[in-house]
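Read the structure below first, then the notes.
Just so you know, these numbers use all the heavy atoms, side chains as well, and skip hydrogens, waters and symmetry mates.
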Amino acid sequence: KRDEVYMSHPVLGMITCCPTNIGTGMRGSVHIIIPKLIAKIGFEGIDKVARSMNCQARGSTGEHSEVIDRVDISNWRRLGHPEYNLVEDMIKCVNVISQMEDLSTVK
C-alpha cells in the first residue's frame, strides 16, 4: 500500500528486520530432547521455566511448530545485552531444563 510507513534512515537505509533483532541481532538456540518433561509439565510449563530465565521455548522444529520429543530453547533478550550474556542465559536455561528432564518420572 502506498500509505504504509516503513522505518528508514538517510544513511543506513531501510530497516528490513524484526525490531527485536536490532542491536546484537544474536539469537542462539539449542534443540533438547526432553520427552519426559514434555509429558509431565507440557510445552507451556517448559516455556514458563525458560522465560523465567530470559529464554523461550519453541516447537520441535522451531517457532510455531508442533512439540514432539524435543524443544528449541533460545535466548529471549536481544537488545541492550552483550552476546556473552545472551549465550550464558541459554546455557543456564538448557542446563536447568536438562536436569528437570533427568529428575522427571512420567506417571
Considering only heavy atoms from C-beta outward, does the side chain of [X] approach that of [Y] to under 4.5 Å?
{"X": "M53", "Y": "D89", "answer": "no"}
{"X": "I32", "Y": "R70", "answer": "no"}
{"X": "I41", "Y": "M100", "answer": "yes"}

Check whether [X] reaches the backbone of [Y] with its side chain - one donor and one acceptor, N or O, closer than 3.5 Å.
{"X": "Q56", "Y": "W76", "value": "no"}
{"X": "N75", "Y": "G28", "value": "yes"}
{"X": "E101", "Y": "K36", "value": "yes"}

Distance in Å, [X] [atom1] paired with [Y] [atom2], rounded so as to fall on 0.5 Å steps:
{"X": "M90", "Y": "R27", "atom1": "CE", "atom2": "CZ", "answer": "9.0 Å"}
{"X": "S74", "Y": "N54", "atom1": "OG", "atom2": "CG", "answer": "11.5 Å"}
{"X": "I91", "Y": "I73", "atom1": "CD1", "atom2": "CD1", "answer": "13.5 Å"}
{"X": "I46", "Y": "I34", "atom1": "CD1", "atom2": "CD1", "answer": "3.5 Å"}

Exercise. Taking atom CD of E88 as the centre, does the number of heavy atoms from other residues, nucleotides or ligands within less than 6.0 Å exceed 12?
Worked result: yes
For this session: Taking all non-hydrogen atoms of both residues into account, name the closest pair between V30 and V94 and its distance.
Result: CB-CG2, 4.0 Å
Exercise. Taking all atoms of both residues into account, what is the closest heavy-atom pair of C93 and C55, and its distance?
Worked result: CB-SG, 3.6 Å
